[in-house]
Amino acid sequence: MPEHHAFAALEAGASQTPIKSQEQAPGPHEVAVLVSHCGICHSDLHKIDNDWPSPTHYPLVAGHEVIGEVKAVGSEVRDFKVGDRVGMGPQRKSCLTCEHCGKGDENLCAGFQDLYDPLFGGYSQHVVCDSRWVFHIPQGLPSEVAAPLLCAGVTVYAPLDHWGPVKGGSVAIVGIGGLGHLALQYAKAMGFVVTAISTSPDKEAEARSFGADHFISLNDAQQVAAAGRSFDLMLNTASGLCALEPLLNLLKPDGRLVLLGLPKEEVSFRAMKLVIGRRSLSGSIIGSTRQTRDMLEFSAKHNIRPKIEVVDVPWGNAAPFNEAIKKVRENKARYRMVVRYNSA
């Protein structure tokens, strides 16, 4: 088998190191993809640092916002052909037999398999994946734009699709960052009245440019008090916001707060804040295959675009890759970093 290039973390917290590995032939339901672009997600850094409950296996070839071209297909694959431009997100496979898979909620399956670890993700030149978790990329989405949508995009699209109120309902997005700036765009395009909530008042103008009709600074007690019992649905995309009571106070009766950010610390609230008003607190993880396909088509139709920085990375030269990862670690990316590979 021929060899291909990849970038790997050889131990916890390590920088990316160029490696080579043998290419894997696709199984009956799989496709082999030559990777052209890959987004750098904060989840990748958690896996690199081995600071999530499930231990990381090293060497780790991360990356789950993957765009590339189909190079080979398995014998049972009917939906893809060589040369198709495709994408892959965080999920590689599910059991396909449980009640959740039967309802089309494969992302809730107990047999959820990550795209990478122990197998290779999009920090690799060659990725093999079950074709049922591979997605055609609409013509209207450039590859560097489509890559972050496969994780960040579907992560915010799915709860809006699942719990979104009727058209004209009130939706709040907490955090104007890598997830939040996309959530504002989707919520606006879906016809909701959209409010951006942030601890950074200087982000108001940008939030409005992404689609926010209103803006609340969490540091302004008067603004927060005036917005009490205002929202049907709220998405908390901020990973550093652990005190939930100020957010729960902003929900209407029967309103719902959905957690998408993953703070390292425990979140806190008093149960009475849910009981009064019959409010709900939920979490959400990526989306189903149906929601991912719908999200890509919706993004192309409504011109949903992540704000990205593109970094050109030659195979075998990890320096620009490590600089890009450093920018994500330091929260200096505005708002998603995307690697574009070349063979130079």
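The structure displayed is predicted, hence computed values, not measured ones. In this chain, numbering begins with 1 at the start of the sequence shown.
Atoms OG and NZ, from Ser54 and Lys47 in turn, are 4.0 Å apart once rounded to the nearest 0.5 Å. Rounded to the nearest 0.5 Å, atoms CD1 (Ile286) and OG (Ser43) are 10.0 Å apart. Within the model, atoms CG of Leu149 and CD1 of Ile308 stand 9.5 Å from one another, a figure rounded to the nearest 0.5 Å. For the atom pair Leu108 CG and Ser284 OG, the distance stands at 8.0 Å (nearest 0.5 Å). Separating the CD atom in Gln24 from the CG atom in Leu119 is a distance of 6.5 Å, to the nearest 0.5 Å. In this structure, CG in Asn342 is found 11.5 Å from OG in Ser36, a value given to the nearest 0.5 Å.
In this structure, the side chain of Thr237 does not engage the main chain of Gly261 through any donor-acceptor pair within 3.5 Å. Put simply, the side chain of Gln291 gets close to the backbone of Ser288: a donor and an acceptor are under 3.5 Å apart. Using a distance-only test at 3.5 Å, with no hydrogens or angles considered, a donor-acceptor pair links the side chain of Gln125 to the main chain of His5. Under a 3.5 Å cut-off, the side chain of Asp161 and the backbone N or O of Tyr157 do not form any donor-acceptor pair. Side-chain atoms of His4 come within 3.5 Å of backbone N or O of Ser21 as a donor-acceptor pair. The closest donor-acceptor contact from the side chain of Asn249 to the backbone of Gly228 lies at 3.5 Å or more, if one exists at all. No donor-acceptor pair closer than 3.5 Å links the side chain of Asp114 to the backbone N or O of Tyr116. Between the side chain of Asp105 and the backbone N or O of His100 there is no donor-acceptor pair closer than 3.5 Å. Arg290 places no side-chain N or O within 3.5 Å of a backbone atom of Gly104 that could act as its donor or acceptor partner. Side chain of Arg256 to backbone of Trp163: no donor-acceptor contact under 3.5 angstrom is found.
With a 6.0 Å radius and a threshold of 12 heavy atoms from other residues, nucleotides or ligands, Gln139 has its CD atom at or below the threshold. Within 6.0 Å of CZ in Arg334 there are more than 12 heavy atoms belonging to other residues, nucleotides or ligands. Counted within 6.0 Å of CD on Glu76, heavy atoms from surrounding residues, nucleotides or ligands total more than 12; the atom is thus considered enclosed. Arg329 CZ: more than 12 foreign heavy atoms inside a 6.0 Å radius.
For Thr289 and Glu106, the side-chain atoms include at least one donor-acceptor pair closer than 3.5 Å. Looking only at atom types and distance, the side chain of Asp130 has no donor-acceptor partner in the side chain of His29 under 3.5 Å away. A donor-acceptor contact under 3.5 angstrom links the side chains of Asp232 and Ser170, judged on distance only.
Summarising the geometry of Trp315 relative to Ala6, their closest heavy-atom pair is CZ3-CA, 4.1 Å, with the distance given to 0.1 Å. Pairing each heavy atom of Asp84 with each of His136, the nearest pair is OD2-CE1, 3.3 Å. Considering every non-hydrogen atom in both Ile304 and Leu141, the closest pair reads O-CD2, 4.4 Å. The minimum heavy-atom distance linking Val156 with Leu260 is given by the pair CG1-CD1, 3.9 Å. Smallest separation of non-hydrogen atoms from Ala333 and Val328: CB-CG2, 4.4 Å. Considering every non-hydrogen atom in both Phe7 and Pro314, the closest pair reads CZ-O, 3.6 Å.
Among Cys151, Pro148, Pro90, the one residue that satisfies the side-chain contact (heavy atoms from CB on, under 4.5 Å) test with Cys41 is Cys151.
Side-chain contact check for Glu266 versus Cys242: every heavy-atom pair is 4.5 Å or farther apart. Residues Cys38 and Val66 have side chains in contact (heavy-atom distance under 4.5 Å, counting atoms from C-beta outward). Side-chain contact check for Tyr335 versus Pro306: every heavy-atom pair is 4.5 Å or farther apart. For the pair Pro55/Asn50, a side-chain contact is recorded, criterion being any heavy-atom separation below 4.5 Å from C-beta on. Counting heavy atoms from C-beta outward, Leu96 and Arg132 have side chains that approach closer than 4.5 Å. The closest side-chain heavy-atom distance from Val86 to Val31 is not below 4.5 Å. Counting only heavy atoms from C-beta outward, the side chains of Val134 and Val70 never approach each other to under 4.5 Å. By the 4.5 Å heavy-atom criterion applied to side chains, Leu10 and Tyr58 are not counted as neighbours.
Taking the charged nitrogens against the carboxylate oxygens, Glu206 and Lys307 do have a contact shorter than 4.0 Å, which makes a salt bridge. Look at Glu204 and Arg208 and you find a salt bridge, because one of the NZ, NE, NH1 or NH2 atoms lies within 4.0 Å of a carboxylate O, short of that distance.
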### Task
Take Val154 and Asn107 through the side-chain contact (heavy atoms from CB on, under 4.5 Å) test and state the conclusion after the steps.
CA-CA 11 Å; Val154 74; Asn107 54 312; over 6 Å; no
#### Entry: Leu150 and Thr292: CA distance, side-chain angles, deciding distance, side-chain contact (heavy atoms from CB on, under 4.5 Å) verdict
CA-CA 7 Å; Leu150 291 158; Thr292 304; 4.2 Å; yes
### Task
Evaluate salt bridge (Lys or Arg N to Asp or Glu O under 4.0 Å) for Glu65 paired with Arg336, printing each intermediate quantity in order.
CA-CA 11 Å; Glu65 299 177 347; Arg336 308 294 297 193; 2.7 Å; yes
### Message
Go through it in stages, so that I can follow the logic: the residues are Ile67 and Arg85, the test is side-chain contact (heavy atoms from CB on, under 4.5 Å), and I'd like the CA-CA distance, side-chain angles, deciding distance and then a yes or no.
### Response
CA-CA 7 Å; Ile67 303 291; Arg85 186 170 65 117; 4.3 Å; yes
#### Entry: CA sep, side-chain torsions, deciding dist, call: Val313, Glu323, side-chain contact (heavy atoms from CB on, under 4.5 Å)
CA-CA 10 Å; Val313 175; Glu323 282 299 312; over 6 Å; no
Show which side-chain atoms of residues 184-198 pair as donor or acceptor with protein atoms under 3.5 Å away, not counting sequence neighbours.
from   : atom 1 : to     : atom 2 : distance (Å)
Gln185 : OE1    : Arg305 : N      : 3.0
Gln185 : NE2    : His181 : O      : 3.1
Gln185 : NE2    : Arg305 : O      : 2.9
Tyr186 : OH     : Ser299 : OG     : 2.7
Lys188 : NZ     : Asp213 : OD1    : 2.6
Lys188 : NZ     : Asp213 : OD2    : 3.4
Ser198 : OG     : Ser200 : N      : 2.9

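Hydrophobic clustering (ILVMFWY, side-chain heavy atoms < 4.5 Å, transitive): Ile137 and Val127 are in distinct clusters. Transitive grouping of hydrophobic side chains (ILVMFWY, heavy atoms separated by less than 4.5 Å) brings Ile216 and Met234 into a common cluster. A continuous path of ILVMFWY side-chain contacts below 4.5 Å connects Val174 to Leu274, so both sit in one hydrophobic cluster. Hydrophobic clustering, with ILVMFWY side chains joined whenever heavy atoms are under 4.5 angstrom apart, keeps Val258 apart from Leu250. Tracing side-chain contacts under 4.5 Å through hydrophobic residues (I, L, V, M, F, W, Y), one reaches Ile325 starting from Met337; they form part of the same cluster.
Below 30°, between 30° and 60°, or above 60°: for Phe321 and Tyr341 the angle between ring planes is between 30° and 60°, a tilted geometry.
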